[in-house]
Every structure is written in C-alpha cells, then in structure tokens.
Amino acid sequence: MKRIAHFIDGAFVESADGTTFPALNPATDEVHALVADGKRADVARAVAAAKRAFHEGPWRKDAKLRAKVLRAMADGLERRAEELAAVEVEDTGLPVTQAKGQGARAAQNFAFFAEMATRMTGESFPIEGSFINYSRRRAVGVAGLITPWNTPLMLESWKVAPCLAAGNAAVLKPAEWSPASARVLAEIARDAGVPDGILNVVNGFGETAGASLVAHPDVALISFTGETTTGMEIMRNGAATLKRYSMELGGKSPVLLFADADLERAVDAVVFGVYSLNGERCTAGSRLLVDRAIHDEVVCRLEERVRRIRVGDPTDPKTEVGPLIHRDHWQRVKGYCDLAPREGARIVTGGERPAGLEGGNYLAPTLITGVRNDMRIAQEEIFGPVLTVIPFDTEEEALEIANDVKYGLAAYIWTKDVSRAHRLAGEIEAGLVWVNSQNVRDLRTPFGGVKMSGIGREGGHYSFEFYTETTTVHVATGEHPIPRFGAAPD
Ligand code: NAD
C-alpha cells in the first residue's frame with residue numbers, strides 16, 4: 001500500500017504517534033494510500049521548522065533566490081504533469097483531461113509568482129522641504145495554508161506560490177479527502193531547491209491538524225479556502241492569537257442570461273461552468289437566471305446537452321464528468337436532488353446514479369427547473385453537477401434574484417447590450433463578474449468574494465497585500481521643529 005507522509009523540514013516523515021488514515025479512490029471507493037494523520041505534535045514540529053528556516057535562512061531576504069527556485073518549481077510541475085494528473089485523478093475523481101488543465105494552471109501560478117517575487121515595490125511620499133516617507137514590504141513569517149479537496153493541486157499552488165514568493169515560510173494542510181498531489185508538490189519543492197523548512201506539508205483532519213495550525217501562536221497568517229462555516233470557525237479559533245486571514249469561501253453564483261445573448265455560446269458556457277470539475281467548483285454558475293422569453297428554448301437546449309454529457313471513468317480522456325470526491329459528499333448532493341421535488345421544483349434530467357456505474361460516487365448531471373429563489377436548492381451551495389433554472393421578466397428582477405443570496409463569489413452576464421452589461425456588473429454583489437465569457441482569469445487580477453463568499457483578495461500584487469507586512473519609514477530631510485520639553489529656563 002502506498003504511503004503519504006508529512007513533509008517537514010525537508011524530509012518525509014510519519015506522524016509522531018504513527019497513526020494513518022485511508023485515502024479513497026472516488027471511482028471505486030477503494031483505499032489507494034495510507035496517509036500520515038497529523039496532530040498537534042506534528043503541526044508544532046512543522047511550525048518550528050518553518051520559523052527557524054524563516055529567521056535563520058536566506059529565503060526572506062533574497063528575492064532572486066526565490067524567483068529562481070519558484071521558476072524551478074514551475075518547471076518541475078510541467079515535467080511531472082502526466083504523473084501529477086494521474087495522482088489527482090486517482091485521489092479526486094477529476095476527469096483526466098481537466099486534471100491536466102488544472103495541473104498546467106498550477107505550473108503557471110509558480111511561473112507567474114516567480115516573476116512577481118522580484119517586483120515587490122513600495123510607495124514614496126516626498127514631503128516638501130522636510131521629510132521623505134516611504135513604505136516597504138517584508139515577509140510576515142510563518143503562514144498556515146489550508147486547502148479544500150476540489151482541484152487540490154491548483155488551489156495549493158495558488159497559495160504556496162505567492163506565499164513563498166513574498167518570502168514567507170509555509171505549513172500547508174491539504175484536505176483529508178485529497179492528500180496525494182501535495183506529496184508530489186513537496187518532492188518538486190525539495191528538488192527545485194526550496195530550503196528545508198520553508199515549505200512543510202502536514203496531512204490530517206480539520207479538527208485536529210487544521211485546528212492546531214490555526215491555534216498555533218507562531219503562525220501569523222492563515223490563508224483558507226473551503227466552506228463558509230469552516231471559515232467562521234477558523235476565525236473564532238484564531239482570535240486568541242490575532243491571525244491575519246484570507247478567506248476564500250463558498251459560492252452560489254448566478255448566470256444572468258438575457259434574450260439578446262448569443263445563445264449558442266451562452267449555453268456552452270453555462271453547461272461547462274456548472275458541470276466541469278464534476279460540479280465541484282467554487283465559481284460554478286449554479287443558478288441560471290433566464291429571461292422568460294427564451295426560458296423554454298434554453299431549457300430544451302440544456303436538456304439535450306446535459307443528457308449527452310459523458311459521465312464515467314475519470315482516467316478516460318473522453319470523460320466529461322467523473323465521480324464525486326467521496327460517498328459522504330455524494331449523499332449530500334443527492335440529498336439536494338431528492339429535496340428538489342419536495343420543494344416543488346422539477347428534475348428535468350439527472351438526480352440519480354447513472355445506469356451502468358454502480359461502484360464509485362457517480363451522479364448524473366442534473367438539471368432542475370421550476371425553481372423559486374427562496375428554495376433551499378437555490379440558496380445553498382450544492383457543490384455538485386446540479387443546475388437550477390429560474391426565469392425572470394425584467395433586468396431589475398434578474399438583479400434582485402442574483403443578489404438575493406448570502407454568497408457573492410462570481411456572476412456571469414450574457415447580453416449584447418453593452419450598457420446593461422456594465423450597469424449590472426456594477427450592481428451585482430460579487431467579487432468576480434464575467435460578461436459574455438466563461439470563467440477565464442488573468443493571474444494579475446484580484447480574486448475573491450463578497451458577503452459570505454470571503455474576505456480579501458488574492459492574485460497579482462493583491463496577494464502581496466496579504467502575504468507581506470508594510471512598514472512606513474519616516475525620514476527627516478531637513479530641520480523640522482521638535483518641541484523642547486524640559487529645555488525652558490526656570
Ligand atoms: P471544508 O471547509 O470542509 O475544508 C477545507 C479545509 O479546511 C480542509 O483542509 C479541512 O481539513 C480544513 N478544516 C476543516 N475544519 C477545520 C478547522 N476547524 N480548523 C482548521 N481547518 C479546518 O471545505 P471542503 O469541503 O474541503 O471544500 C469545499 C468548499 O470550498 C466549498 O464551499 C467551496 O465553495 C469552497 N471553495 C472556495 C473557493 C474560493 O476560492 N472561494 C475555491 C474552492 C473551494
């Protein structure tokens with residue numbers, strides 16, 4: 001049986017107490033590896049290594065070294081792309097073609113932040129005659145990076161790359177349902193020359209390994225991606241040690257589809273946006289709000305497409321939707337499908353295990369119509385291959401429905417009316433808006449959500465606002481008045 005160890009201070013190590021937990025293959029539900037089960041002692045060891053490497057090593061003071069090493073990590077990810085995709089498929093059920101796409105994105109993240117490492121700047125504030133003030137950035141220290149199980153490699157790279165580029169040391173805690181790719185990432189880091197202790201990986205469960213990281217007094221930053229309720233708990237648990245947080249949380253993102261849109265492209269984007277990555281995508285356009293004038297036509301087109309999505313073995317390059325990550329998650333998503341008719345909605349297609357796929361966590365892509373926005377299926381994040389469709393009559397109504405949800409991560413607008421597109425982009429409560437576009441993102445742009453979808457922005461130089469401290473330096477360039485207490489004659 002394969003083993004997935006922790007990576008601490010440059011070496012792969014088992015848990016201090018020797019315990020493990022099984023990693024399951026979602027396509028078969030069979031155990032594919034035994035994973036070191038990290039607890040407080042393992043986290044403490046990793047944080048101590050990170051702290052030492054941060055203070056005693058060259059990393060935080062040598063941007064050129066960081067750029068070189070992160071570039072080598074990008075190369076390593078590219079070189080081992082096939083192997084990484086296979087590891088991710090076995091561990092998460094992501095269809096292999098999409099796992100390869102996510103792996104390529106992970107490599108891009110490292111290449112991008114390798115360049116950014118030498119581009120950190122400050123501001124200067126000349127003050128006529130008397131002062132110059134300037135700001136400078138420096139690394140914060142030890143960061144805790146806590147990641148979810150959807151697209152694990154890509155999301156880990158999204159945190160590790162900027163965190164290290166800024167000069168910090170990191171302890172990464174991958175999700176317990178998807179530990180495998182982080183082990184390869186650690187090997188790539190070691191081979192690329194990341195100094196011992198600068199990147200550590202501790203596996204384990206949220207309540208033990210994750211919570212210990214959050215509570216540790218020597219961890220200054222927590223970058224978290226996961227469920228909103230987990231984010232809340234992390235903030236509560238970190239309060240005693242006053243952590244800085246970046247929170248990338250859940251979503252229930254609307255797609256606003258107007259009658260004047262290019263329907264062919266819009267339908268392509270809607271189907272890809274919610275059913276790709278097995279529907280386990282934080283920015284999934286999971287609520288389709290469609291102009292009533294085209295509602296029936298759109299539903300008809302969607303039904304035809306959704307029925308034909310290729311569901312099956314994630315190792316097959318032709319597969320479009322694979323199994324859900326875990327049987328508990330399958331139960332959760334299926335629970336929402338079963339709830340839909342009870343709430344008065346109609347399942348047009350899906351909602352069941354597909355015929356012929358008896359093992360593993362397969363669920364047919366699901367299309368639900370007759371949905372009202374106050375239903376739970378329209379309000380709660382399902383995080384599976386499930387699309388709910390709600391008609392609207394006016395732009396105002398579309399906006400009202402779009403915003404009438406606790407989340408605010410992404411929104412998608414499909415219309416040829418330029419004024420309307422910009423008007424809505426300014427009014428929709430979301431951190432990310434795409435107009436006539438699927439989810440394509442330039443790495444320089446800020447990424448993050450509003451409302452219950454998160455706090456803060458990462459991406460481009462926005463990542464450095466989180467991963468660095470700013471010091472303002474005030475220098476006198478002339479003689480300015482200094483009150484002379486105690487200097488007055490008696
Ligand atoms: P989750 O919140 O259950 O777990 C995420 C991570 O937090 C895991 O590593 C887990 O072990 C850890 N964790 C759990 N409890 C903890 C605790 N008390 N202290 C410290 N760590 C703890 O989320 P998930 O089910 O793995 O992922 C799915 C969620 O992630 C969805 O809600 C999805 O929308 C969200 N997500 C958001 C984004 C974004 O960028 N906004 C991206 C991807 C996923």
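Counting starts at 1 for both ligands and their atoms, following the listed order.
Remark: distances from the non-hydrogen atoms of Gly454 to ligand 1 are all 4.0 Å or more. Not a single heavy atom of Trp177 sits under 4.0 Å from any atom of ligand 1.
Below 30°, between 30° and 60°, or above 60°: for Trp434 and Tyr412 the angle between ring planes is below 30°, a parallel geometry. Classification of the Trp177-His326 ring pair by plane angle, with boundaries at 30° and 60°, yields parallel.
Protein heavy atom closest to atom 2 (O) of ligand 1, with residue, atom name and distance, is Thr230 OG1, 2.6 Å. Given atom 28 (C) of ligand 1, the protein heavy atom at minimum distance is Phe383 CE2, 3.6 Å. Regarding atom 10 (C) of ligand 1, its nearest protein heavy-atom neighbour is Glu176 OE1, 3.5 Å. Closest protein heavy atom to atom 35 (C) of ligand 1: Gly226 O, 3.3 Å. The protein heavy-atom contact nearest to atom 36 (N) of ligand 1 is Cys282 CB, 3.5 Å. In this structure, atom 25 (O) of ligand 1 lies nearest to the protein heavy atom Trp149 NE1, 2.8 Å. Closest to atom 20 (C) of ligand 1 among all protein heavy atoms lies Gly210 C, 3.2 Å. Closest to atom 41 (N) of ligand 1 among all protein heavy atoms lies Leu249 O, 2.7 Å.
Arg441 is linked by a salt bridge (Lys or Arg N to Asp or Glu O under 4.0 Å) to nothing, counting only residues two or more places apart in sequence or in another chain. Listed by chain and number, the residues in a salt bridge (Lys or Arg N to Asp or Glu O under 4.0 Å) with Arg45 amount to none (sequence neighbours excluded).
With a 4.0 Å heavy-atom cut-off, ligand 1 is reached by no atom of Thr283. By the criterion of a heavy-atom distance under 4.0 Å, neither the backbone nor the side chain of Thr228 is placed next to ligand 1. Looking at Thr147 against ligand 1, only its backbone comes within 4.0 Å, counting heavy atoms. At a heavy-atom cutoff of 4.0 Å, ligand 1 is contacted by both the backbone and the side chain of Thr225. With a 4.0 Å cut-off on non-hydrogen atoms, Glu248 touches ligand 1 through its backbone as well as its side chain.
A salt bridge links Glu14 with Arg3: at least one charged nitrogen is closer than 4.0 Å to a carboxylate oxygen. Ion pair Asp9/Arg52 flagged as a salt bridge, since at least one NZ, NE, NH1 or NH2 atom sits closer than 4.0 Å to an Asp/Glu carboxylate oxygen. With salt bridges taken as basic N to acidic carboxylate O contacts below 4.0 Å, none links Glu427 and Arg423.
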Give the intermediate values and the outcome of salt bridge (charged side-chain N to carboxylate O under 4.0 Å, His left out) for residues Lys334 and Asp338.
CA-CA 6 Å; Lys334 176 76 168 84; Asp338 295 345; 2.6 Å; yes

Check the pair Val333 / His329 against side chain to side chain contact (heavy atoms under 4.5 Å, CB included), numbers first and verdict last.
CA-CA 6 Å; Val333 178; His329 187 55; 3.6 Å; yes

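Tyr275 and Glu320 are not linked by any side-chain donor-acceptor pair at a separation below 3.5 angstrom, with hydrogens and angles left out of the test. There is a side-chain donor-acceptor pair under 3.5 Å between Arg137 and Thr468.
Protein heavy atoms are absent from the space less than 4.0 angstrom from atom 4 (O) of ligand 1.
Atom-to-atom distance recorded for Gln331:CD and Leu363:CG is 10.5 Å, nearest 0.5 angstrom. Atoms CD1 and CD, on Ile347 and Glu352 in that order, are 7.0 Å from each other to the nearest 0.5 Å. Residue Asp37 holds its CG atom at 5.5 Å from OG1 of Thr208, rounded to the nearest 0.5 Å.
Close approach to Glu233 involves these atoms of ligand 1, each under 4.0 Å from a residue heavy atom: 18 (N). Residue Asn150 approaches ligand 1 through these ligand atoms, each under 4.0 Å from one of its heavy atoms: 43 (C), 44 (C). The contact set between ligand 1 and Ala211, taken as ligand atoms under 4.0 Å from a residue heavy atom, comprises 19 (N), 20 (C). Residue-ligand proximity, Phe447 to ligand 1, at heavy-atom distances under 4.0 Å covers atoms 40 (O). Near Ile146, meaning under 4.0 Å from any of its heavy atoms, are these atoms of ligand 1: 6 (C), 7 (O), 9 (O), 12 (C), 20 (C), 21 (N). Listed by number with element, the atoms of ligand 1 under 4.0 angstrom from any heavy atom of Glu381 are 31 (C), 32 (O), 33 (C), 34 (O). Ligand-side atoms of ligand 1 in range of Glu227: 1 (P), 2 (O), 23 (O), 25 (O), 29 (C), 30 (O), 32 (O), range being under 4.0 angstrom from any heavy atom. Residue Lys173 approaches ligand 1 through these ligand atoms, each under 4.0 Å from one of its heavy atoms: 8 (C), 9 (O), 10 (C), 11 (O).
A 4.5 Å side-chain heavy-atom check between Asp191 and Arg80 finds at least one atom pair inside the cut-off.
Of the N or O atoms in Gly206, one or more lie within a sub-3.5 Å distance of an N or O in ligand 1.
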